[in-house]
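Keep in mind that this is a model prediction, so the values were computed, not measured.
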Amino acid sequence: MTEAPRVRFSPAPTGSLHVGSARTALFNWLYARHHGGTFCLRIEDTDRARSKEEWVVGIQDTLRWLGLEWDEGPVLQSARFQEYLAAADELLGAGKAYACYCTEDEVKARNDAAMAAGRPPGYDGHCRDLSAEQRASLAAEGRPRSIRFRTPDEGTSHFVDAVRGDVRVEWTHIPDFVIVRSDGNPIFFLANAVDDIAMHISHVIRGEDLIDSTHRVLALREALGVSERPVYAHLPLILGTDRAKLSKRHGAVALEDFRDAGYLPEALVNYLSLLGWAPDDGREVMDADEIVAAFDLDRVTHAAAAFDHAKLDWMNGEWIRRITLPELEARALPIARTAYGDALDVDTLRDALRIGQERAVKVSDIVEQADFLFVDDAAFTIAAESWERVEKTERIGEVLDAVIAHLDGAEWTTEGVDPRGVIDGLGLKARKVMPALYACLEGRHAGLPLFDSMVILGRERTLARFRAARERLGG
RNA sequence: GCCCCCAUCGUCUAGUGGCCUAGGACGCCGCCCUUUCAAGGCGGUAACGGGGAUUCGAACUCCCCUGGGGGCACCA
């Protein structure tokens, strides 16, 4: 009896994919995969003014980057306007919708007046019962015509939400709403209802911010003669750390920003899956297959969740350590190319990733820390604060002399270049002078493991840097 | 203003009447390890918003308050 579910992710291409939408896409994908269903992609671009082709492309790129492959689509609503308009005509003909000649400004003005008078905003039904003569006359005035859906005057709209249970609202709180703009373009509610019917969507999984619009879409379906309803599941919202709705002011919330910043899709998927859902066994670090296997709507939480960058960072570190070196290299390459351009040497980058993998939080951390490998000795510089550390280091001149002497004849291996013996021989604590050596070689007093870095850089360049530092020190 | 939803450590959460002197994870603090910084190991800090009710017994059920969030467009 239970057929394979059909779900859809239907973003509006009015911006890049952000955290909240990505989580919605993920939960739809997880539901489809867990139940062997179909995951459809639909682009809700009925707002021609705000929709942009670049976002249509960008959203798909980001979805693919996350690994959320869709089975059908993308269905572009902008290509289906005639379907929506036909539906609107049907409703018009049946008297379930009516022509409205109020202008946007007039509606807005009456809304403001209602608010000011302490009455609830919303369309006041001004054109609800116009006679044919009145309509003709208004049209003759050259007034633009929009089409409004006639909502019930009484009674209750009710549906059972898969995560929230019974949801009901009095129809008196839902005013007649526009389904076709005065410019002839259909609106979200109409397109949404028509397409969910046409695409045989069985489960609508989306953010809770859309819960009130469900009543309208449901009414539209029924008016179009479709009594079957999809299962609705409204997900708790994702909030910023200040508990307000997540937005640009909370820093990076666009998924592509996370990608560019060196976060791994595995980590984002994993972290996002835990925002509003949790497996019954308490696992946290899981790959996509494990999440798919454990996921279901009955374990979706009800309360809004705050997006925690610190935990994402931890999660990303976990994943950097889990993926293989070739995988890490594939992720780091684009970032490194951007950072170093022609100076980038892929083999050297791979070496840097190898020695940095165990410690990094973000891919970009390793790429940044490897900068000393891609800069000419002549252009190599030491960060000011790091040089200060060098100067403050006890007997640093002696140390550098000894290290240089040691390196000059050392076997060029990780063990061979290890300078701790000579530091010890000077009666100094390796821990104390190590930061200075990091600074001389890497330009920063904390970075990629020193011995391996020397090996990667090679004897000549390593010695050149230590000698340059020794000279700069003088004395 | 009106409608709706939500409410366990700072954060993400487990918990579905007794197993809870509330568990895990991130963060934070301390210790260990250590080639700097990390990572890793070990330990610690920290919560059921308040008030009623039901019950032999409430984090778990009901009501009120408070707090937080969402919605009320010719955006989606």
Side-chain angles (χ1 to χ4, degrees), chain A residues 10-14 44-47 49-51 100 102-104 107-108 111 114-123 144 146-148 161 164 167-170 172-175 177-183 185-189 191-192 206-213 215 234 236-237 239 241 243-245 271 274-285 299 301-315 317 320-321 356-361 365 369 389 414 418-420 430-439 442 444-453:
Chain A
S10 48
T14 54
E44 305 215 323
D45 54 352
T46 48
D47 185 339
R50 296 203 305 152
S51 297
C100 174
C102 299
T103 64
E104 267 187 86
V107 171
K108 189 177 185 312
N111 253 332
M115 292 263 260
R119 283 177 284 119
Y123 188 65
S146 59
I147 300 175
R148 275 181 195 277
D161 191 274
R164 272 145 222 289
V167 178
R168 54 185 85 233
V169 167
E170 299 300 314
T172 52
H173 294 301
I174 304 178
F177 56 94
V178 171
I179 55 177
V180 178
R181 296 176 172 84
S182 52
D183 66 4
N185 290 332
I187 265 180
F188 160 71
F189 299 108
N192 193 274
R206 37 149 49 160
E208 200 209 338
D209 52 336
L210 290 166
I211 198 163
D212 288 314
S213 77
H215 301 283
H234 287 94
L237 262 22
L239 311 176
T241 36
R243 305 300 304 179
K245 195 176 181 181
Y271 178 68
L274 262 17
L275 243 32
W277 173 82
D280 58 13
D281 56 10
R283 276 177 300 162
E284 303 231 336
V285 182
R299 290 195 63 79
T301 59
H302 293 191
F307 188 87
D308 184 1
H309 269 272
K311 188 156 185 176
L312 203 217
D313 281 349
W314 163 77
M315 184 69 85
I320 282 185
R321 262 150 251 131
Q357 184 170 22
E358 284 307 309
R359 42 200 296 103
V361 168
D365 291 343
Q369 292 185 339
R389 285 261 316 234
T414 303
D418 185 346
R420 284 175 295 177
R431 287 184 63 83
K432 295 285 188 185
V433 309
M434 215 49 97
L437 299 184
Y438 272 85
E442 304 187 22
R444 43 165 64 92
H445 57 273
L448 294 174
L450 188 72
F451 312 160
D452 290 305
S453 294

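- Proximity note for Asp308(A) (side chain, C-beta onward) versus rA76(B), rG69(B), rG10(B): the nearest is rG10(B).
- Checking rA76(B), rA14(B), rU36(B) against every side-chain atom of Ala446(A), the shortest atom distance belongs to rU36(B).
- Considering only side-chain atoms of Thr301(A), the nucleotide from rG71(B), rA14(B), rG40(B) that sits closest is rA14(B).
- Counting to the nearest Å, the P atom of rU36(B) and the CG atom of Asp418(A) are 11 Å from each other.
- The pair Arg50(A)-Asp47(A) counts as a salt bridge, with a side-chain nitrogen and a carboxylate oxygen less than 4.0 angstrom apart.
- Looking at heavy-atom distances under 4.0 Å, Gly447(A) makes contact with a base.
- We find that CZ of Arg431(A) is positioned 11 Å from C1' of rC37(B), with the value rounded to whole Å.
- When the nucleotides rC12(B), rA73(B), rA76(B) are ranked by their closest atom to the side chain of Asn111(A), rA73(B) comes out on top.
- With sequence neighbours excluded, the residues forming a side-chain contact (heavy atoms from CB on, under 4.5 Å) with Arg444(A) are Gln369(A), Asp371(A), Ser386(A), Glu442(A), listed by chain and number.
- Judged by a 6.0 Å distance limit and a 45° cone about the ring axis, Arg148(A) is positioned over the six-membered ring of Tyr123(A).
- Within 3.5 Å, no donor on the side chain of Asp209(A) pairs with an acceptor on the base of rG69(B), nor the reverse.
- Within 3.5 Å, a donor on the side chain of Ser182(A) pairs with an acceptor on the base of rC74(B), or the reverse.
- Under 4.0 Å is where a charged nitrogen must lie from a carboxylate oxygen, and between Asp183(A) and Arg181(A) no such pair does.
- Among the atoms of the strands shown, base atoms are found under 4.0 Å from some heavy atom of Glu104(A).
- For Leu239(A), counting side-chain heavy atoms from C-beta on, the closest listed nucleotide (rC6(B), rG69(B), rA76(B)) is rG69(B).
- Considering only side-chain atoms of Trp314(A), the nucleotide from rA25(B), rC75(B), rC37(B) that sits closest is rA25(B).
- The side chain of Arg299(A) sits closest to rG15(B) out of rG15(B), rC6(B), rU36(B).
- Lys108(A) contributes no side-chain N or O that forms a donor-acceptor pair with the base of rA73(B) under 3.5 Å.
- Counting non-hydrogen atoms under 4.0 angstrom, Ser10(A) reaches nothing in the nucleic acid.
- Taking every side-chain heavy atom of Leu210(A) into account, rA76(B) is the closest of rG27(B), rC74(B), rA76(B).
- Contact annotation for Arg321(A): backbone-only contact, meaning every heavy-atom pair under 4.0 Å involves sugar-phosphate atoms and none involves a base.
- The base of rG24(B) sits within donor-acceptor range of the side chain of Glu284(A), with an N or O pair under 3.5 Å.
- If you check every strand for non-hydrogen atoms under 4.0 Å, Leu237(A) touches sugar and phosphate atoms only.
- Residue Ala12(A) places its side chain closer to rA76(B) than to any other of rU13(B), rA76(B), rC3(B).
- No engagement by Ser51(A) is indicated, since no non-hydrogen atom pair under 4.0 Å with the nucleic acid exists.
- As judged by a 4.0 angstrom heavy-atom cut-off over every strand, His445(A) is placed among the base-contacting residues.
- Side-chain proximity of Pro435(A) to the nucleotides rG69(B), rU36(B), rC74(B) is greatest for rU36(B).
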